[in-house]
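We use all heavy atoms of the structure for the numbers below, so side chains are in, but hydrogens, waters and symmetry mates are not. Lettering of chains follows the sequences in order, A, B, ..., and the numbering in each one begins at 1.
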Amino acid sequence: MERSIEEKWRDRWAESHIFEPAADTTREKFFVTVPWPYTNGSLHVGHGRTYTLGDIVARYKRLTGYNVLFPMGFHESGTPILAFSERLRNGDKDTIRLYMSYLSEYEKPEDIDRILESFREPQNIADYFSRVIIKDFMDLGYSIDWSRKFTSADPFYQEVVKWQFNQLNEKGLIKRGSYPILYSIRDENAVGEDDIKDGDTDKVSIEEFTGVLFRGEKYSLMAASLRPETIFGVTNLWINPSAGYEMVRYRGMDIVMSSSGCKKFSMQHEGVQYVRDVPSDEIVASEFQVPFSSEKVGVLNAEFVDPDNGTGIVYSVPGHSIFDYIYYNKNGIKNNLKKVVKVDRNVSVESLVEKYDLEKNSERLKDATQELYKEEFYNGTLINSGRYSGMSVEAGREAIKREMQEKNLAYIFYETTRKAVTRSGSEVIVAVLNDQWFIDYSPEWLKEKAHELVNSMKFYPELYRKLMNDAVDWLKERPCARRRGIGTKLPFDERWVIESLSDSTIYMLAYTNKNELESIYAHLKKIPYGILDYILLGKEVREKYDEYTMENARKARDEFRYWYGNDLRITAPPHISNHLAFYIMNHAAIFSGKELPGGLMISGLVISNGAKISKSKGNVISLLEIIKHYSADIYRLFMAAGADISSLLDWNEKDLSSVIKRYSYFTDILDAYSPGDDDSNYIYSWFKSAFYRNLKTYIADMESMNIRDSYIAIFYNVMNDLRNVESHGGNINIALKPVLADWLKALSPIIPFAAEEYWHRHIDNNSFVSAQTIDMNIDNRIDYNILKSENYLNRVISDIREILKIIHIDAKKATITVYGQKQKTFLEEYPGGNLDREYRTMIGDYMKNKNRIDTEMIDEYSIIEANRKYLESSLKLDITVVKSDSIQKKNPWPGRPLIEIS
RNA sequence: GCGGAGAUUGCCGAGCUAGGAAAAGGCGAUGGAUUUAGGGUCCAUUUCCGCAGGGAUUCGUGGGUUCAAAUCCCACUCUCCGCACCA
């Protein structure tokens with residue numbers, strides 16, 4: 001469709017408000033949602049899949065008679081918008097370039113600088129991109145009810161979020177506790193992936209070390225280890241002679257570690273105090289006691305110790321660490337390996353050093369260490385380890401760690417998995433927050449309710465049900481508030497902002513009564529919990545409110561009761577273990593019955609030209625660009641028919657061109673269409689039956705959300721059938737006339753613009769196809785006999801072709817002998833067993849062909865006779881058809897005529 | 001590590017949760033048609049054998065169940081994805 005036509009329908013749909021439904025208790029409702037977009041930029045080809053699927057479902061449900069609510073809002077919570085705005089203020093070149101590229105698509109060059117300037121205020125970014133996204137969505141023909149739009153930053157909505165947290169708190173699901181996070185000391189703030197340099201490409205996570213204390217006469221050394229179970233194999237300690245070491249006092253003990261270790265430790269434990277610097281010479285001069293043992297070990301200098309990793313002190317276990325072992329050998333240190341882990345296979349420090357010749361090939365060191373580590377962890381047993389001997393490494397590690405902690409012989413020491421700095425260059429470490437707020441998803445009653453819910457919901461595709469149940473089991477405590485970012489203040493502690501995923505777990509309910517809630521908020525400047533308890537839970541209102549408030553509350557309650565229960569939510573796989581899990585858990589915690597979620601559709605990833613969509617690959621294609629270059633219908637067709645919903649969809653030129661080809665074949669037909677005469681010729685009757693069979697398949701597939709299959713039936717198959725009409729010498733206009741209205745209706749969910757345009761041109765200029773319903777009772781419009789006839793004809797053609805293929809003669813003529821009375825009589829009499837004598841000679845031939853004979857007999861002679869011209873032109877042969885009147889050695893059977901070519 | 005998904009004919013990709021098709025569809029390739037010049041459209045072919053519609057061998061590897069398995073069961077090999085404050 002030309003852009004101007006799509007724009008025309010976009011505007012006329014909006015003007016006529018046909019997608020803004022009212023509650024109507026006489027009609028069944030269907031409430032479908034997709035995640036609200038985050039407004040820090042414009043959307044690209046990948047984002048559109050979920051939204052397009054949402055619109056297809058919404059339009060389809062409308063078509064089949066439901067009162068459909070398909071709303072949309074915008075997510076503004078969290079840190080990214082703030083971070084981007086800040087980076088723009090700081091003049092970050094990459095960020096400026098990024099936003100210039102967004103703006104250059106939508107704005108005139110002279111306006112860009114002014115708008116960019118306005119982005120120094122974060123709210124302007126959110127406002128700008130929500131406008132842009134609305135425009136894109138309208139251009140794509142989405143049948144969204146924009147009258148219910150709101151954002152997560154809207155004050156009325158924040159009242160709902162607070163209410164939600166209050167509900168969770170009343171159910172005992174809000175907790176406080178300590179929690180390790182990535183942190184920047186200089187910025188005095190938590191950092192997320194977005195704040196870390198290369199954080200999106202090279203992920204930083206938190207690793208838990210055991211900081212083991214080795215007691216000396218004056219102080220203890222703390223060595224950080226990932227393998228506390230090797231403590232019985234310690235032969236010495238390593239420190240880096242050129243690093244700085246400090247002493248801190250913690251729980252009455254003097255502990256020494258590297259300066260950087262001290263800094264981290266003090267961010268992870270409360271009451272850590274600096275005492276003095278300690279020169280490395282002083283440390284090396286002393287001996288220290290190994291935990292659980294009376295033995296003392298010395299401290300050796302080693303340059304390989306990194307003072308910025310862990311505590312800058314490591315204990316040496318040459319029996320189980322390749323690094324230590326090699327360092328021993330290189331420096332001629334007396335080798336007194338202690339073995340504390342036994343494995344069955346011949347994998348050990350010595351064997352690996354030999355196998356990879358590690359003394360010379362240091363590049364294999366890491367791999368070899370991994371190999372050893374794995375082998376010992378999974379197959380190792382502790383030996384020479386006191387009362388831990390005999391335990392598996394896996395169990396022993398936990399037990400030893402626990403005992404050391406209980407006896408104040410070790411403390412947890414968190415470290416990042418790689419060295420990281422923020423985008424502004426300050427160091428990222430792990431800090432422990434002692435008063436972090438959590439939602440506790442672990443109570444048994446909640447898990448049970450959630451599983452019950454998951455098992456009662458519909459899943460498309462079904463395999464995600466299991467994944468969802470696993471995610472429910474896996475959820476424990478979820479930190480639910482942060483110290484910064486856009487969002488709602490935690491009602492019990494206003495210093496905290498509710499974390500951005502936790503504020504969006506039940507938000508879809510506000511679509512049902514957004515306008516009433518907003519009115520109440522505007523009127524009272526708040527929405528009291530009592531009012532929300534009434535609207536959302538049906539509890540009695542105890543406090544006294546004025547009539548305006550109560551009237552809106554009653555209306556809001558009615559809207560909520562009619563609409564709620566999110567019948568289908570459509571989203572993508574990365575949401576399963578977070579957003580969707582919370583969505584399910586929070587609903588299970590607060591709601592019950594029909595207000596619980598009804599179904600989930602999870603669509604697969606979209607890639608672009610064979611690669612993951614990313615700026616660095618240069619394959620980001622914005623939705624606007626697509627609309628401009630290809631048209632909305634083509635994008636929608638590709639999204640729907642390009643791949644099954646669960647599988648990966650690759651946006652690429654090649655597949656696109658075949659979609660465009662089919663689409664223009666379609667528009668060519670409809671542009672040229674003018675209603676033909678009524679005609680009930682064989683081929684038109686056939687087409688009509690074939691069409692309704694396709695429509696039946698379409699409906700069945702749509703009902704089970706097999707969107708791709710349904711469109712293959714109604715789009716591709718119908719067009720192939722039209723070709724078949726032509727090759728029979730038929731006329732497309734005549735064939736289409738009786739089915740065109742239904743065809744356009746069925747196509748309207750996926751290519752609404754074309755469907756709307758042709759509906760107005762060819763069917764009815766005074767109504768919208770987008771607002772029609774379709775008659776689902778179609779079985780009586782399918783004549784299965786005629787479908788069988790056509791099927792038979794095609795089988796005859798392919799049989800003849802097969803013969804032509806292998807006989808190398810110059811064929812002129814085919815004689816087709818179809819079954820006659822004799823064969824018919826035989827087939828009727830044979831099952832009874834009392835055949836006349838003359839028929840008995842047929843038994844052998846019958847047995848040979850038994851499996852290929854049609855059980856239902858059709859009038860093959862007439863079918864071929866009526867379509868002789870078609871056969872002749874397809875095969876380029878003269879065709880003669882005769883009906884068998886005798887018993888032969890080789891007989892024609894129903895569905896298996898005899899063919900003779902000469 | 002935990003959890004999950006998958007290995008199909010040149011390629012991509014259905015079918016595999018009701019076991020009975022050399023296995024949909026697309027792309028590519030080959031041949032043909034079209035007012036006959038190779039990028040358009042249409043038709044046919046595309047595992048192997050076959051001068052009559054037939055036969056043989058295929059769906060990661062190796063076993064098993066069954067009259068019958070790409071489809072069910074077991075083992076093995078390999079590949080991919082998610083994992084918490086990030087929206």
Side-chain angles (χ1 to χ4, degrees), chain A residues 35-40 75-81 83 152 179-182 190-196 199-200 203 205-206 373-374 377-378 394 433 436-439 441 461-464 466-471 473-483 485 498-504 573-579 581-582 604-605 610 641-644 646-648 650 652 654-655 657-659 661-662 665 708-709 712 716-717 720 723 726-727 795-809 811 814 849 851-852 873-876 890 896-901:
Chain A
W36 45 7
Y38 188 71
T39 47
N40 67 330
H75 199 200
E76 299 181 354
S77 316
T79 49
I81 291 177
S152 63
Y179 192 73
I181 53 161
L182 294 176
V191 295
E193 192 178 288
D194 267 346
D195 306 311
I196 296 171
D200 46 346
K203 203 170 146 55
S205 45
I206 294 171
Y373 184 97
K374 268 196 166 169
F377 185 75
Y378 294 110
E394 197 174 353
L433 291 182
Q436 173 69 51
W437 292 90
F438 293 93
I439 300 177
Y441 286 118
E462 180 60 34
L463 71 96
Y464 287 108
K466 182 165 170 18
L467 237 57
M468 207 64 242
N469 271 321
D470 288 340
D473 283 332
W474 166 80
L475 274 180
K476 297 186 297 247
E477 288 171 334
R478 157 90 186 179
C480 63
R482 302 191 68 182
R483 293 299 194 131
I498 289 170
E499 179 272 325
S500 57
L501 282 181
S502 300
D503 82 356
S504 302
H575 285 145
I576 291 170
S577 61
N578 46 64
H579 167 69
F582 308 150
L605 194 72
D644 201 65
S646 65
S647 45
L648 188 109
D650 185 8
N652 64 82
K654 212 172 70 180
D655 291 349
S657 71
S658 81
V659 167
K661 212 159 71 185
R662 287 319 203 95
Y665 179 70
R708 178 169 183 257
D709 291 344
I712 286 174
Y716 296 97
N717 288 356
N720 283 339
R723 285 214 170 105
E726 281 186 307
S727 58
R795 205 159 66 207
V796 170
I797 291 176
S798 76
D799 270 358
I800 293 175
R801 283 203 171 116
E802 192 159 348
I803 296 168
L804 287 173
K805 199 172 75 190
I806 42 182
I807 58 168
H808 302 124
I809 61 170
N849 291 294
N851 295 327
R852 286 183 284 260
S873 67
S874 317
L875 292 164
K876 311 264 184 305
K890 204 171 166 194
R896 300 256 327 146
L898 291 181
I899 295 163
E900 209 172 319
I901 289 172

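One cannot find a donor-acceptor pair under 3.5 Å joining the base of C42(B) and the side-chain atoms of Arg723(A). Put simply, the side chain of Asp470(A) and the base of G3(B) share no donor and acceptor less than 3.5 Å apart.
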Fill in: Trace of the side chain to side chain contact (heavy atoms under 4.5 Å, CB included) decision for Tyr38(A) with Ile81(A)
CA-CA 9 Å; Tyr38(A) 188 71; Ile81(A) 291 177; 3.2 Å; yes

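If you check every strand for non-hydrogen atoms under 4.0 Å, His75(A) touches sugar and phosphate atoms only. Looking at heavy-atom distances under 4.0 Å, Pro180(A) makes no contact with the nucleic acid at all. Ser727(A) comes within 4.0 angstrom of nothing in the nucleic acid, heavy atoms only. Ile901(A) comes within contact range of at least one nucleobase, with a heavy-atom separation under 4.0 Å. At the heavy-atom level, Tyr716(A) lies nowhere under 4.0 Å from the strands shown. Across all strands, Leu501(A) comes closer than 4.0 Å to base atoms (heavy-atom distances). Nucleic acid contact for Ile498(A): none, since no nucleic acid atom lies under 4.0 Å from a heavy atom of the residue.
Checking A87(B), G53(B), C83(B) against every side-chain atom of Arg482(A), the shortest atom distance belongs to A87(B). Comparing C86(B), G53(B), A84(B) against the side chain of Leu475(A) picks out A84(B) as the nearest. You'll find that the side chain of Lys476(A) is closest to A84(B), out of C86(B), A84(B), A52(B). When distances run from any side-chain atom of Pro897(A) to the nucleotides A52(B), G53(B), C86(B), the shortest one goes to G53(B). Ranking G82(B), G53(B), C86(B) by closeness to the Ser577(A) side chain, first place goes to G82(B).
More than 12 heavy-atom neighbours from other residues, nucleotides or ligands sit within 6.0 angstrom of CD on Glu726(A).
Secondary-structure annotation of RNA chain B gives the stems B:1-7 with B:77-83, B:10-12 with B:25-27, B:28-34 with B:40-46, B:47-49 with B:54-56, B:60-64 with B:72-76, with a stem taken as at least 3 successive Watson-Crick or G-U pairs whose two distances both fall under 3.5 Å.
In this structure, the side-chain hydrogen bond (donor to acceptor under 3.5 Å, both in side chains) partners of Glu499(A), at least two apart in sequence or on a different chain, are Arg478(A), Ser502(A).
Syn is the classification of A18(B), since its glycosidic angle stays within 90° of 0.
Ring planes of Tyr179(A) and Phe438(A): perpendicular class, angle over 60° (limits at 30 and 60°).
Taking each heavy atom of Gln436(A) and Pro479(A) in turn, the nearest pair found is NE2-CB, 3.5 Å.
The side chain of Lys661(A) contributes no N or O atom lying less than 4.0 Å from OP1 or OP2 of G26(B).
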